[in-house]
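Written out below as structure tokens is the structure these notes cover.
Because only heavy atoms are used, hydrogens play no part in the values below, and waters and symmetry mates are left out as well, while side chains stay in. One-based numbering, in listed order, for ligands and for the atoms of each. Along the sequence shown, residues carry numbers from 1.
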Amino acid sequence: MDFEFTPAQQAFRTRLRAWMERTVEEVFGSAEDALGPSPESLLFTRDDGRWAQALEYHRRLLAAGYLALHWPTEWGGGGAGPVEQLIYQDEALRLGLPLFGANNFAIDRIGPTLMRFGSDEQKRRFLTPMLTGEEIWCQGYSEPNAGSDLAAIQTRAVLDGDEFVINGQKTWTSLAHRARWQAMLARTDPTAARHKGVTYLLVDLASPGVTIRPLRQMTGESGFNEIFYDNVRAPRANAVGAVNDGWRVAMAMMGYQRASAGSRHPVERGIAELAELARRVEFGGMLAARHPYVRQTLAQFAIEARCLRLGRYRSLTGYLKGRPPGPEGSFAKLSSSELNLRVAMFAAEMLGGLATLTEGSPGALERGRWAHRILEAREFTIAGGTSEIQRNIIGERVLMLPKS
Ligand SMILES: Cc1cc2nc3c(=O)[nH]c(=O)nc-3n(C[C@H](O)[C@H](O)[C@H](O)COP(=O)(O)OP(=O)(O)OC[C@H]3O[C@@H](n4cnc5c(N)ncnc54)[C@H](O)[C@@H]3O)c2cc1C
């Protein structure tokens, strides 16, 4: 059974779809693959021309009132209900567009975290430039020895009068090369229990002592970075929540991150594109689209993708009851990133040698987007908490299974 939308909601979808199709063409051009292989490849690009397109799309979203639909109007957001937010996700996914314009981390999770835990001054100072895209943000949680085990962070922030002095290193920081600000976790009391002596800080990346270096991924892109802090100063007023109480703030932000993680990959679109491609390539000595194994696999993927969409609709119940996102977001994150990976691996199997041809190679299919997706897909099963960690969360905090 499908979800029934009211006539007003259907009208919203029709308007939004027309706006998106027109705007995508105006900003990115009309070619099928104008947006590139994935929303992430657009957002985290080092190509200044593509980044300018991402910013232009961001400004258009804002002007049309579609950016930050989940933010309250008081802070310049759309103040939309959950159903409109869901329709927006559907339509953005349909075209393979990033959900939050160019300022992904700010709009998705850092802004909502500030609204919940930040001081009035922090809200006044930071929320508007997040929306306009004038200040891009990144998220500094992971360190070389603290990823899944985030409480192992060692970056230190020591109070010196009205300022923190920060020393240490973050790694895998997506978008830091474009960001002016970072929401980061630092250890402020090394004598306290691991989860206790941590503070959530807002750090100006233009400060003296910050060094940002690109990290290269196997796609050839460098969407993320490592950041070194050498006596970097940040005002005490940039702590969000109380000093040494940052774990609570950090976990709340992870809740927002996981809630949207399930709607970030345009998996249904990818499956449809692969089905389309199957009409043009051979597999097992016949047209791939006629091969029973290909047909069966694509049908199975389509069923699972549909279930994922219905799962998103189902999570509306929680939103409608006003519950902030909790650990159940791990279901969506786990299933969508794993399905995305399986689709990519199947593309490799179906395309054989053609799957290895990257953009610019003679004979590359669709400007090498499948080669790119095959290399990229595994990232999403790691970023934002690995699949193993999502399974642990589901087991321990959703299903309440005993810890081993
Ligand atoms: C594309 C991408 C973008 C990213 N962007 C950011 C960013 O912007 N900001 C940021 O802070 N971080 C970012 N990250 C980092 C990401 O959050 C970490 O990579 C992730 O949390 C895993 O940590 P780790 O890499 O240290 O791996 P580890 O924690 O060392 O894990 C290694 C392996 O051990 C497994 N493992 C670890 N602990 C357990 C356990 N308890 N039970 C079962 N298995 C376990 C893991 O699942 C994994 O397979 C990004 C990562 C990627 C891939």
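At least one protein heavy atom sits closer than 4.0 Å to atom 3 (C) of ligand 1. Counting only heavy atoms, the protein never gets under 4.0 Å from atom 32 (C) of ligand 1. Using a 4.0 Å threshold on non-hydrogen atoms, atom 29 (O) of ligand 1 counts as touching the protein.
You'll find the ring centres of Phe346 and Tyr293 inside the 6.0 Å limit. A ring-centre distance under 6.0 Å is found for His70 and Phe100. Side-chain rings of Trp137 and Phe126 approach one another, their centers coming within less than 6.0 Å.
Val83 is listed as a side-chain neighbour of Gln9, based on a closest heavy-atom distance under 4.5 Å. In this structure, the side chains of Arg50 and Phe28 stay at 4.5 Å or more apart for every pair of heavy atoms. Residues Glu366 and Glu273 fail the side-chain proximity criterion, which asks for heavy atoms closer than 4.5 Å.
Between Trp172 and ligand 1, at least one N/O pair is under 3.5 Å apart. Looking at ligand 1, you'll find an N or O of Tyr141 within less than 3.5 Å of one of its N or O atoms. Residue Ser174 has at least one nitrogen or oxygen atom sitting less than 3.5 Å from a nitrogen or oxygen atom of ligand 1, judged on distance alone.
Close contacts between ligand 1 and Glu379 involve ligand atoms 1 (C), 53 (C) [criterion: under 4.0 Å to a heavy atom]. Contact atoms of ligand 1 toward Gly384: 17 (O) (distance under 4.0 Å to a heavy atom of the residue). Below 4.0 Å from some heavy atom of Thr386 lie the following atoms of ligand 1, by number and element: 22 (C), 46 (C), 47 (O). For ligand 1 and Ile382, the ligand atoms under 4.0 Å from any heavy atom of the residue are 19 (O), 20 (C), 53 (C). Atoms of ligand 1 found under 4.0 Å from any heavy atom of Ile389, numbered from 1 in the order shown, are 38 (N), 39 (C), 40 (C), 41 (N). Taking every heavy atom of Gln139 and a limit of under 4.0 angstrom, the matching atoms of ligand 1 come to 7 (C), 8 (O), 9 (N), 10 (C), 11 (O). The Glu388 neighbourhood of ligand 1 comprises atoms 43 (C), 44 (N), 46 (C), 47 (O), 49 (O), with distances under 4.0 Å to a heavy atom of that residue.
Atom CZ of Arg125 sits in a crowded spot, with more than 12 heavy atoms from other residues, nucleotides or ligands closer than 6.0 Å. Annotation: Arg269, atom CZ; neighbour count of heavy atoms from other residues, nucleotides and ligands within 6.0 Å is above 12.
If you look at Asn392 next to ligand 1, the close heavy atoms, those under 4.0 Å, all belong to the side chain. By the criterion of a heavy-atom distance under 4.0 Å, neither the backbone nor the side chain of Leu175 is placed next to ligand 1. At a heavy-atom distance under 4.0 Å, only side-chain atoms of Phe224, from C-beta outward, approach ligand 1.
The nearest heavy-atom contact from the protein to atom 36 (N) of ligand 1 is Ser148 OG, 4.2 Å.
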>> Could you go through Glu25 and Arg22, starting from their C-alpha distance and side-chain angles, then the distance that decides it, and tell me whether this counts as salt bridge (charged side-chain N to carboxylate O under 4.0 Å, His left out)?
In response: CA-CA 5 Å; Glu25 194 158 330; Arg22 194 178 60 245; over 6 Å; no

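Scanning both residues, Ser330 and Ile393, for their nearest heavy atoms gives OG-CG2, 3.6 Å.
For the pair Arg13 and Phe5, the cation sits on the ring face: its NZ or CZ lies under 6.0 Å from the ring centre, inside 45° of the axis.
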